[in-house]
Amino acid sequence: MSAGIRSLFRAAYRADPLGVWSAPGRVNLIGEHTDYNDGFVLPFAIDRRTTVALGLRDDNVIRLASTFSDETVSLTLADLDAAVAGGRVTGWAAYPLGVAWALGQLDADLAGARGVDLLIDSDVPVGAGLSSSAAIESAVAVALDEVWALGLDRRTLARVGQHAENAVVGAPTGIMDQSASLLGIRDAAVFLDCRTLETRTIPLDLAPNDLAVLVIDTRVHHSHATGGYRDRRASCEAGAAALGVPALRDLGVDDLSRAEGMLDDVTFRRVRHVVTENARVLSTVDALGSGGPAAIGSLLDASHVSMRDDFEISVPELDLAVSVARENGALGARMTGGGFGGAAIALAPVAELERIGAAVVDAFAGAGFAAPELFPVTASDGARRED
Ligand code: ADP
Ligand code: MG
């Protein structure tokens, strides 16, 4: 992987890079729209990564190129603050430049730091709910942290990526994606308490149980920066305010009957999704510990129903992927990611993957939907230096 990106770097910048860093996308096993409610999530880093080759410069310029786009971007680090404040940092460059800016918010000296040339390449599907955004942020964050000798820990770098995405990209996302991309561990999921940022490694044991997680990318594209995501987040804040709690995390399933009388129907259902989803994450962690991965299927199914009916963030393609996977041998299935498109995941016996895949492809064709993309994922290590 790094040989390829090194030669791309040479072609773009006519010099050798100093090093190559990478960070993975993620699948969220369970816990959707809980992160910005101070709740619980259980993602894992996947074996699809964004790779960054970096060269140090003698001046203060940051230059960016990506195999994702023909556009290249160049500006001085000293100008970065003003460019962000003036809304001049846009498009895909907002992710890497946003990270540089957010690092600068922590360390004012960066305006005078050595410039860098960055070349970005990725095999994380973009806009599929597998967080290509966190992958690019986290890869750039670990690269810059190292070459600028900032010595920041992984939790701080997760905050940096989130700050970039919130303040520069303009997507009001939580801390989950960057945490998974930075803290992921092979063959395990990352349990994250989004209030305390406490993390725990939860072994998945998929392979020893002859199970796999199949991603079904519907190719229906979503955008977090607009519309529904922002709307759902506002409903959660309104629900918490009306119920007099700092965040929906502070409510339990027992509080729902009281909440129902105090909220309008739509807000109540948004709240019910978050409250029950938090409970499902905790149950999933327990079930993995006591019964192994085969024991979590019904929790995945219940999560999907809650997102479809209460949070209303599914689309017909995701519902079809989930139901066909279930009918063809999956132990459980749900949409994953922010919703309104993107991917579903199915937990299935390895022996059934082919049958499920063929059935989903057939069903999509029959429904007149665009062909989905299917691939199994394994839980992988988080961001790292490649060479
Ligand atoms: P997701 O995170 O689900 O893939 P997002 O909309 O959050 O979707 O992020 C996708 C955006 O991130 C892309 O439209 C692009 O702007 C940026 N991005 C992702 N990967 C790359 C890459 N390899 N190079 C440049 N920009 C990228
Ligand atoms: Mg994203």
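These numbers come from a predicted model, not from an experiment. Atoms within each ligand, like the ligands themselves, are counted from 1 in listed order.
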- Query: Quick check: does Ser133 have an N/O/S atom under 2.8 Å of the Mg ion (ligand 2)?
  - Reply: yes
- Region of Ile120 that comes within reach of ligand 1 [heavy atoms, distance under 4.0 Å]: side chain
With respect to [X], determine whether any N or O atom, backbone or side chain, lies less than 3.5 Å from an N or O atom of ligand 1.
X      : value
Ala134 : no
Ser133 : yes
Phe68  : no

- Query: Does Arg232 come within less than 4.0 Å of Glu312, counting only side-chain N to carboxylate O?
  - Reply: no
- Residues Asp193, Arg249: salt bridge by 4.0 Å N-O rule: yes
Residues [X] and [Y]: side-chain donor-acceptor under 3.5 angstrom:
X      : Y      : value
Thr336 : Asn28  : no
Arg154 : Ser138 : no
Thr276 : Arg280 : yes

Atoms in ligand 1 flagged as close to [X], the criterion being non-hydrogen separation under 4.0 Å:
X      : answer
Ser122 : 23 (N)
Ile136 : 21 (C), 22 (C), 24 (N), 25 (C), 26 (N), 27 (C)
Ser66  : 22 (C), 23 (N), 24 (N), 25 (C)

- Item | Closest to atom 11 (C) of ligand 1 among Tyr229, Trp92, Tyr95 (heavy-atom distance) | Tyr95
- Item | Rounded distance [0.5 Å steps], CG in Asp255 versus CG in Leu243 | 8.5 Å
- On the ring face of Phe375, is Arg48 found with NZ or CZ under 6.0 Å from the centre and within 45° of the axis? yes
- Hey, is Gly337 one of the residues with a heavy atom under 4.0 angstrom from ligand 1? no
